[in-house]
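Small disclaimer: the values here were computed from a predicted structure and weren't measured.
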Amino acid sequence: MADTDPAGPVMDRDEVDRALARLGQEHEAIETSLLALQDHAGRRLLEGARLTGVTAERWTSTETAITLLWTYFDAYTDVLRRAREIRARRRWSSREDLVELTELLRGEPVTVAGSAAATAGAPTPHGGQAGPGVLSERWSLSALVDRMNELYASSLDMVVAADAVWSALPARIDLLSAELRRTSRLAHSVGVRPGEHPAGDDLERITRTLKKLREQVVSDPLAYWKPAEGSSAPGGGKPDTTVYDREARALEDVRREIDAVLAVRQDAEKRIVRLRDVLSRADRTLAEARTARGEVLAKIAATEVPVVSGPPTALQEQLSTAAEYRRHAQWHRLSPLLESLEQKAEDELLRARESLTAVTAPLAVRAELRGRLDAYRAKVSRHGLAEDPLLVERYEKARRMLWSAPCDLRAAEQAVLRYQQAVAELLGAAPGVPGQGAGPDERRGPGT
């Protein structure tokens, strides 16, 4: 059975050499990592920044953790150096050397002041935490390496997160702020100002929000950091750009509004001329409808003819206001007014056309009945029946009704229908019944 001591079985020379080689590699890797952390741009920025909020709290503990890391590393270096010196005494280490090396490599040879460990919240070798009353704590080299890895990971996570936010957001905010200033100057030039136009109010709010956002990002970057879910790697996550993205979208909306106002400035005269033309056409159409109504009342009897309204004076007044806005370069007021007027003018022209159609509908019916009567007259002539007494009688009666004024459309339609029935009977076809499936001839007119 091998000899033992408090650190366990005494290591032989080969075990010692392998342990020293492994510890040397770990020492080199830890030193490289610590130096990289020391030189990290994010750490240097954190040291010189005026921090607030969660970042200030995390940086206070991280600074202590980094200090403790170097304390642990120096203690680790001292133990490794002592072990190497003992191993270098003799080519073939004595039992006393091996016992001492076993204690250094497998025991708890590292002593750290309790106050330093307590400040960083370091756990004791037995699972608790070092408290203010503990004068010192002892560590094995393997436990110390684990603790250094833990402190390094948490410190690097904080440094990388802060640096990522600082690298991403302030520059983007500055670019957006520059675009905001350009947009504000352009908005001012076309009369879009706070208190006078909603877009001007938006620009003022975006300016305040971006200024506050930049101040907060610079002083408390961790407040704008979103850790990656389920990731334990240092720096796992991404900057939270929610506020920035919202303001960028708001500025884009304002830019579109300004572009619309600029477009109004460029083609305002053409649009006003076009509006005048549409309203003029509507007026002419209404005048034509009023004239047609008088004609219908004179020529058509027993027919209700809709009343034609007068020209839209309110639209003319708004058009005059639009012209005033253009003369005084009030583009932000002109833009919405023109859009509203263009729609209303088109609606007014459509209404005028519908009025003309409704008023002239009886004349259209009379014209259709005249055409139908003449078409059947031509059909009868082709069949050599033009001189038939019944057809002549019914034709003349329908014709007198349709070509006399005022014309009774209902009586005239019945007269034309009776003429059609007489034609159908003479030609050997079944008589059509009004509204109940008239034959092809009756629907399409006469044919051969």
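Side-chain contact between Leu80 and Leu20 is present, with heavy atoms from C-beta onward closer than 4.5 Å. Contact check for Thr209 versus Glu204: no side-chain heavy atoms found under the 4.5 Å cut-off. Two residues are said to be in side-chain contact when any heavy atoms from C-beta on lie closer than 4.5 Å; Glu346 and Arg351 fail this criterion. Side-chain contact check for Glu348 versus Val278: every heavy-atom pair is 4.5 Å or farther apart. Within the 4.5 Å cutoff, the side chain of Leu141 has heavy atoms near those of the Leu23 side chain. At least one side-chain heavy atom of Ile272 sits under 4.5 Å from a side-chain heavy atom of Arg276. The shortest distance between side-chain heavy atoms of Leu402 and Val416 falls below 4.5 Å. The side-chain heavy atoms of His188 and Arg185, taken from C-beta on, include no pair separated by under 4.5 Å.
The main-chain N or O of Tyr244 is never found under 3.5 Å from a side-chain atom of Thr241 such that the two would form a donor-acceptor pair. Side chain of Ser154 to backbone of Leu151: a donor-acceptor contact under 3.5 angstrom is found. Ser167 contributes no side-chain N or O that, together with a main-chain N or O of Ala164, makes up a donor-acceptor pair within less than 3.5 Å. At least one donor-acceptor pair closer than 3.5 Å links the side chain of Trp166 to the backbone N or O of Val218. Counting only distance, with no hydrogens or angles, the side chain of Arg214 and the backbone of Ile173 share no donor-acceptor pair below 3.5 Å.
One side chain, Asp220 or Thr55, offers a donor N or O that lies under 3.5 Å from an acceptor on the other. Between the side chains of Arg284 and Ser280, a donor-acceptor pair is found at a separation under 3.5 Å.
One finds no salt bridge joining Arg82 and Glu85 here, because no Lys/Arg side-chain nitrogen approaches an Asp/Glu carboxylate oxygen to under 4.0 Å. Using a cut-off of 4.0 Å between Lys/Arg side-chain N and Asp/Glu carboxylate O, Arg410 and Glu413 are scored as not salt-bridged. In summary, Asp253 and Arg249 do not engage in a salt bridge, as defined by a charged side-chain N under 4.0 Å from a carboxylate O. Between Glu252 and Arg255 a salt bridge is recorded (basic side-chain N to carboxylate O distance below 4.0 Å). Salt bridge Glu26/Arg22: present, at least one basic N to carboxylate O contact under 4.0 Å.
Using a 30° and 60° split on the angle between ring planes, Phe73 and Trp70 fall in the perpendicular class, above 60°.
Taking the ring centroids of Trp139 and Tyr76, they lie at or beyond the 6.0 Å cut-off.
Taken to the nearest 0.5 Å, the CD atom of Glu247 stands 11.5 Å off from the OG1 atom of Thr242. For the atom pair Tyr72 OH and Thr67 OG1, the distance stands at 12.0 Å (nearest 0.5 Å). Note that CG of Leu186 is 4.5 Å distant from OG of Ser189, once rounded to the nearest 0.5 Å. Summarising the geometry, atom CG belonging to Leu251 is positioned 10.0 Å from atom CG belonging to Asp202; distances are rounded to the nearest 0.5 Å. Note that the OG atom of Ser184 and the CZ atom of Arg193 stand 12.0 Å from one another [nearest 0.5 Å]. Arg58 CZ to Met158 CE: the interatomic distance, rounded to the nearest 0.5 Å, is 6.0 Å.
Listed here is the closest heavy atom pair of Leu104 and Val79: O-CG1, 3.9 Å. Between Ala162 and Leu46, the shortest heavy-atom distance links the atoms CB-CD2, 4.0 Å. Of all heavy-atom pairs between Leu275 and Ala345, the closest is CD2-CB, 3.7 Å. Looking at every heavy atom in both residues, Val10 comes nearest to Glu15 through O-OE1, 4.3 Å. Residues Gly195 and Asp201 share a closest heavy-atom pair of N-OD1, 2.7 Å. Counting all heavy atoms, side chain and backbone alike, Leu169 lies closest to Asp240 at CD1-O, 3.8 Å.
Residue pairs meeting the salt bridge (Lys or Arg N to Asp or Glu O under 4.0 Å) criterion with at least one member in residues 34-55, sequence neighbours excluded: Arg43-Glu47.
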For this session: Please assess Arg81 against Asp78 for the test salt bridge (charged side-chain N to carboxylate O under 4.0 Å, His left out), listing each intermediate value before the final yes or no.
Result: CA-CA 5 Å; Arg81 177 181 50 76; Asp78 288 342; 3.7 Å; yes

Problem set entry | CA sep, side-chain torsions, deciding dist, call: Glu179, Arg182, salt bridge (charged side-chain N to carboxylate O under 4.0 Å, His left out) | CA-CA 5 Å; Glu179 180 63 25; Arg182 288 193 292 271; 2.5 Å; yes

For this session: Quick one: do Glu150 and Arg147 satisfy salt bridge (charged side-chain N to carboxylate O under 4.0 Å, His left out)? Show the steps, please.
Result: CA-CA 5 Å; Glu150 179 185 340; Arg147 178 54 177 159; 2.9 Å; yes

